[in-house]
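Step one of this worksheet: look at the structure below.
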Amino acid sequence: MMKAKYTSPRNSTDSSLNSSRKQAEEALQAEHNMLLSLVDTMRYGLGIQDKDYNIIYQSTMLRRIFGDHLGEKCYRVYEGQEKVCDSCPVEKAFKDGKSHTSEKMVVTLSGEVTYWENTANPIRDAGGKTVSCLELARNITERKLTEEKHRIILATVLDGFYIVGLDARLLEVNASYCKMVGYTREELLKMSILDIEAIETPEDSVQHMKKVVAQGYEFFETRHQRKDGKLIDVEVSANYIDVEGGQVVVFVRNITERKQAEQALIESEGKYRTLVENIPQKIFFKDKDSVYISCNSNFSEDLQLKPAEVSGHTDYDFYPRDLAEKYRADDKRVIESGNTERIEERYIEHGQERTVETFKTPFIDESGKTVGVLGIFHDITKQKETERQSHEREIAAARAQELSKSHQRLINAQESLRKDIASQLHGTVQSRLILLEHKIAGLEARARSKRMTKELADVRQRLEELQNEHIRSISHRLFPSILRLGITTGLESLIDEYNAKLPVDLRVSKKLRDREQANRKLIPDNVKLALYRIAEEALTNISKHTPAANNTVVKLSLSDSRILRLKVRDNGPGFNTTSPSTGIGLLLISDYAAAAGGSCTIKNIPGKGTRVTAELPFAGLETEQ
């Protein structure tokens with residue numbers, strides 16, 4: 001064992017004091033370097049001005065962009081003018097002792113036009129007197145350019161969009177929302193959202209607004225009232241933004257946008273710990289062995305500890321083994337590569353698993369040596385859940401679209417099969433029956449007795465009846481070949497079949513009738529067939545379920561939007577739309593309309609009959625005046 005060298009008591013005491021002082025200075029310098037590195041990692045510019053607006057501190061970022069201007073007036077350096085800037089946040093902070101934020105356009109030394117968000121925080125001495133001001137500058141040029149792009153996009157998107165102030169007044173709307181509610185933009189900008197909201201009371205809307213402001217966003221369903229009084233159901237995604245006194249950005253329908261606001265509260269240039277403790281993110285610093293050196297309260301509170309109680313421990317002391325090993329592997333990779341990494345990972349907060357976005361960067365001392373890793377992260381659990389729900393909605397929409405296509409394929413296959421069977425009945429079967437008739441007629445002519453002649457004549461007559469009354473009827477029901485003469489003729493033939501048991505009044509637009517007579521191929525075959533089948537199914541349901549109907553009308557017309565509109569209505573007691581047999585017919589009606597690219601609505605009013613309305617798009621016709 002090495003023996004200690006003897007020294008006098010006085011020399012030993014001085015040496016011990018010098019050593020302790022040196023260690024304290026080194027510790028303070030290490031913390032100072034760590035916090036400066038944290039500021040640079042966050043990509044913020046940090047400056048301090050005294051009460052005469054002289055710059056007494058500039059961070060590395062500000063010196064790199066604007067040059068070293070210690071001792072100069074801030075308004076000359078950053079704004080190029082000879083007096084304090086209008087709406088200067090530093091001036092406001094000096095006056096009321098509170099934090100203030102503003103946005104400015106600044107031209108850098110290189111001539112680049114940039115945009116900055118500046119937050120001014122007063123710095124007080126031990127007696128509470130404001131002695132200087134700390135200004136945190138964030139480059140928002142990319143965000144401003146993105147906002148301009150978004151403004152152009154939002155003006156042209158198909159979904160509704162508007163901005164509302166905290167007083168519920170509409171501040172901006174796009175053309176899609178104007179069309180959705182039937183008002184002009186000028187009319188809406190004179191209105192409040194309370195004038196359009198149809199479900200919530202004014203008191204409810206105020207509380208809802210407060211909720212949106214409190215949590216930053218909200219996704220909900222409600223109803224808005226159009227100018228014509230009609231109520232429409234809407235899905236609303238609302239996001240609060242802290243600009244110009246507070247605004248709420250709203251997308252109507254399935255658009256979700258979340259805007260996160262970050263604000264760092266800094267009160268003292270000499271006490272960087274204030275910055276670390278008040279920033280909303282969780283921050284930690286580890287050495288090269290992944291041992292915690294320090295952290296902020298936001299981080300330690302999740303572990304239900306104080307910051308000092310975290311120091312000296314490792315991830316194994318706080319997290320499950322698999323998470324601890326992952327964290328340490330990430331630390332090692334960042335330290336060895338020397339690169340900052342963005343990592344999305346699991347995190348345990350108060351015993352519950354969350355998803356966080358973490359930025360880890362190497363911590364480098366004054367000699368340029370990597371001595372640890374600095375980490376900053378925030379919770380993105382809600383954001384991930386929103387993304388998951390959005391993805392699920394996209395999958396559901398894709399499945400619904402595929403189901404619709406499947407229905408169309410089934411309809412087309414069914415009609416193709418019907419047409420093939422009808423063709424066989426009308427062609428092959430009917431031809432063979434005619435041959436049998438001729439053979440029987442020959443046998444009838446050669447019969448040697450009256451009895452045989454009579455029996456053969458009876459067989460031949462029955463074959464003729466089978467051919468004329470059944471085969472042709474079945475063939476027509478399977479596939480209405482009469483549609484080649486036009487939809488008007490087809491509907492007239494269909495109604496003739498029902499007139500004996502169900503008097504039907506057919507009304508066809510004169511313009512449509514004239515145009516079709518002039519050109520039998522004017523309406524595509526699939527559209528004519530869909531119209532025919534819808535009318536057929538509707539009349540079948542009426543004849544089965546509402547035999548008391550005595551005023552049945554089939555109306556075919558052109559709407560002002562180049563839509564063929566078919567209406568079938570009766571004045572019977574109505575039928576049960578939940579009945580299995582009725583339900584199949586109603587599904588067929590909807591499927592036929594969808595297969596032709598249209599839609600169909602069915603209204604059953606007990607005691608007043610049924611209304612079937614089908615609308616099929618057809619751009620080949622001019623609109624009726």
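Every value quoted in this text rests on a predicted model; they were computed, and no experiment measured them.
- One finds the CG atom of L231 at 12.5 Å from the CD1 atom of I196 (value rounded to the nearest 0.5 Å).
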**OP:** Tell me, with the steps shown, if E516 and T488 meet side-chain hydrogen bond (donor to acceptor under 3.5 Å, both in side chains).
**Re:** CA-CA 8 Å; E516 192 177 37; T488 302; 3.1 Å; yes
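- Looking only at atom types and distance, the side chain of E117 has no donor-acceptor partner in the side chain of T101 under 3.5 Å away.
- Applying the side-chain hydrogen bond (donor to acceptor under 3.5 Å, both in side chains) criterion to D204, with sequence neighbours excluded, gives T201.
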**OP:** Under the salt bridge (Lys or Arg N to Asp or Glu O under 4.0 Å) rule, what do E197 and R223 come out as? Steps first, then yes or no, please.
**Re:** CA-CA 6 Å; E197 172 61 46; R223 281 187 172 185; over 6 Å; no
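- Note on E218 versus K210: no salt bridge recorded, every NZ/NE/NH1/NH2 to OD/OE distance being 4.0 Å or above.
- With salt bridges taken as basic N to acidic carboxylate O contacts below 4.0 Å, one links D525 and K528.
- Partners of R169 under the side chain to side chain contact (heavy atoms under 4.5 Å, CB included) rule, at least two apart in sequence or in another chain, are D167, S192.
- In this structure, a donor-acceptor pair under 3.5 Å is present between the side chains of E200 and S205.
- Using cut-offs of 30° and 60° on the angle between ring planes, the pair Y177 and H224 is perpendicular.
- Of the charged side-chain nitrogens involved, none lies within less than 4.0 Å of a carboxylate oxygen, so that K454 and D458 do not count as a salt-bridged pair.
- Ion pair E537/R533 not flagged as a salt bridge, since none of the NZ, NE, NH1 or NH2 atoms sits closer than 4.0 Å to an Asp/Glu carboxylate oxygen.
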